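Written below as structure tokens is the structure these notes are about.
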Amino acid sequence: MTSAAMAGLRIESLSKEFTAGRPVLQDVDLAVAPGEFVCVVGASGSGKSTLLCLIAGLSRPTAGRVLLDGHEVAGPGPDRGMVFQTASLFPWRNVAHNVAFGLEALGVPRGRRQERVRWLLDEVGLGHLATALPGRLSGGQQQRVSIARALACSPRVLLLDEPFGALDVQTKEDMQLFIRQVWQDVGTDPLTAPLTDPEAPHAPADPAHRSTIVMVTHDVEEAVFLGQRVLVLSSDPGRISQDIAVNLPEPRSLEMKRSPEFLELKATVEDLVRAEHRAHQARTAL
Amino acid sequence: MVIMQSTSETTIAPPGARPAATAPPPARVKLLTTSVSSRTAWLLRALSILGPLAAWWALSAGGVVDPTFLPSPSAVWTAGVTMAQSGDLPSDLLASLGRIGAGFGLAVLISVPVGFAMGTLGWAQPLFEPVIGILRYLPASAFIPLLIIWLGIGEPSKIALLVLGVVFFNTLMTADAVRQVPYRLLEVSATLGASRLRVASRVVLPYALPGIIDAMRVNAAAAWNFVVVAELVAATSGLGYRITRAQRFLQTDRIFAILVVIGLIGLTIDIALRLLRSRVGRWTR
């Protein structure tokens with residue numbers, strides 16, 4: 001296998017059972033190339049979050065494996081940043097210290113840590129709230145902090161588990177544009193030089209290099225708007241039933257949500273999700 | 001797209017509907033919790049202290065009760081000043097405070113780590129919970145004779161009583177506070193690369209600390225009780241000892257004075273821990 005083929009995220013015949021004989025996920029195969037933005041949609045109970053937790057290493061697969069850049073995932077780690085639906089910030093730490101948490105764990109020297117936190121907070125538009133406690137922030141701001149916190153460790157993959165599900169419609173749209181911006185910008189992170197080396201030069205990374213994002217959502221419109229690929233997960237057992245390429249022009253804008261191409265694609269995915277949901281209902285009704 | 005236009009129809013009452021006037025008025029309910037203005041609250045606080053004080057004064061000064069049994073507030077004050085000037089009261093106070101410091105301190109040093117382990121480590125809970133669950137129902141005071149046999153009538157038996165009286169409750173309450181840490185925060189910490197030790201010290205401890213201090217506040221009151229109990233039984237110094245001395249000479253005014261001092265010290269400990277808690281737990285508000 002060449003190194004190019006090994007780069008990125010690979011999932012090989014992954015299965016997960018919480019109760020023996022009742023798989024939540026079964027034989028899931030998936031490859032996500034570096035810099036790709038992939039959205040996973042599916043009805044509730046289709047194992048979307050389970051898939052993300054397996055990638056994050058927060059739970060162990062019953063069978064199969066997850067590979068990141070050719071290395072098997074054996075547990076949670078800072079190379080896979082995870083963002084949950086609720087921001088889950090450390091309530092006693094201010095915004096800057098929340099973002100710094102992972103850098104402290106990595107042993108990044110104080111000066112570089114502060115520099116990086118400042119850069120990230122400016123990137124997520126919260127530089128002015130660096131010393132505020134999370135309890136003072138709105139839901140959208142909290143979620144920005146939690147995304148910045150996950151990005152601080154320069155993860156190879158950013159895992160988003162319904163990150164905007166608890167937000168109101170307007171905030172959600174802002175956050176959708178925001179995460180798209182992050183996806184494009186963080187690849188140009190001026191501080192990607194080895195984090196623990198205080199002498200390392202701050203060489204800008206390749207601007208074409210984007211972060212890799214796997215996002216789970218039940219909102220089809222969101223998935224089509226954000227993703228370069230949309231995966232439809234079937235329920236009971238969870239399998240990837242469809243892998244749809246989203247060939248919409250870049251960069252994406254909110255106006256695009258009214259374009260015929262967008263609406264058509266959205267309808268297609270909605271039909272697929274609905275069909276999976278109906279099939280699941282029919283099976284469980286027996 | 002079909003736009004529904006039936007909304008206006010549904011608001012029109014169907015013919016023959018009962019006129020609103022004959023309908024019974026909706027039942028009126030109130031929320032369970034009520035509140036008062038801050039002025040009323042302060043008045044009630046004053047009443048809470050001054051009411052019993054006034055009743056005491058009325059009973060004793062009015063000659064309703066023999067002053068041998070219930071001395072007047074002024075007699076108690078005089079007795080207190082006399083004891084303070086003789087140097088007995090300050091030295092007894094120091095003796096009692098030293099014991100609560102040592103005994104309660106030791107109990108905290110044992111119970112907080114054990115409780116922390118019970119709240120976080122899978123094996124610690126089933127190992128400690130059953131034995132502590134039984135031991136905490138044994139009244140610590142019932143151990144006094146045994147402790148005197150084992151450790152004599154000196155300081156060790158008193159400190160041991162304090163530890164026995166506090167350590168089990170404080171362990172279980174600490175474990176409870178530690179278990180309040182949301183599992184999500186532990187998951188987030190792990191995905192950010194924090195080691196278990198780092199999660200324990202930088203996530204679980206800060207999150208649980210206000211709750212741990214709350215537990216200490218509750219158990220400090222119990223510890224203060226046990227100090228006095230230990231000194232009532234066998235001691236040559238301390239506030240409890242001073243009470244038994246006064247009892248021997250039927251000096252009820254002195255007993256009352258010492259009781260007031262005991263109460264005030266307890267209040268001071270409580271306020272100090274409250275202040276500590278609100279400082280440490282500023283983020284909880």
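Computed from a prediction, not measured in an experiment: that's the story for all the values here.
- When all heavy atoms of B/A190 and A/P76 are compared, the closest pair comes out as CB-CG, 3.6 Å.
- Only the backbone of A/L89 comes within contact range of chain B, with heavy atoms under 4.5 Å apart.
- Of the residues considered (A/G135, A/G77, A/G102), A/G77 shows the highest number of contacts with chain B, using heavy-atom pairs under 4.5 Å.
- Around the CD atom of B/Q180, the shell of radius 6.0 Å holds more than 12 heavy atoms that belong to other residues, nucleotides or ligands.
- The shortest non-hydrogen separation linking A/A105 to B/G193 is CB-O, 3.8 Å.
- For CZ of B/R279, the number of neighbouring non-hydrogen atoms (other residues, nucleotides, ligands) closer than 6.0 Å is 12 at most.
- The shortest side-chain heavy-atom distance between A/P91 and B/T284 does not fall under the 4.5 Å cut-off.
- Heavy atoms of B/S195 lying under 4.5 Å from chain A are absent altogether.
- Residues A/R149 and B/V188 are in side-chain contact: their nearest non-hydrogen atoms beyond the backbone lie under 4.5 Å apart.
- Within the 4.5 Å cutoff, the side chain of B/W283 has no heavy atoms near those of the A/P134 side chain.
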**Q.** Test side chain to side chain contact (heavy atoms under 4.5 Å, CB included) applied to B/R202 and A/F101, step by step
**A.** CA-CA 9 Å; B/R202 304 291 170 85; A/F101 185 87; 4.2 Å; yes
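- A 6.0 Å sphere centred on CG of B/L275 holds more than 12 heavy atoms belonging to other residues, nucleotides or ligands.
- The two residues B/R184 and A/S88 come nearest to each other via the heavy atoms CG-OG, 3.5 Å.
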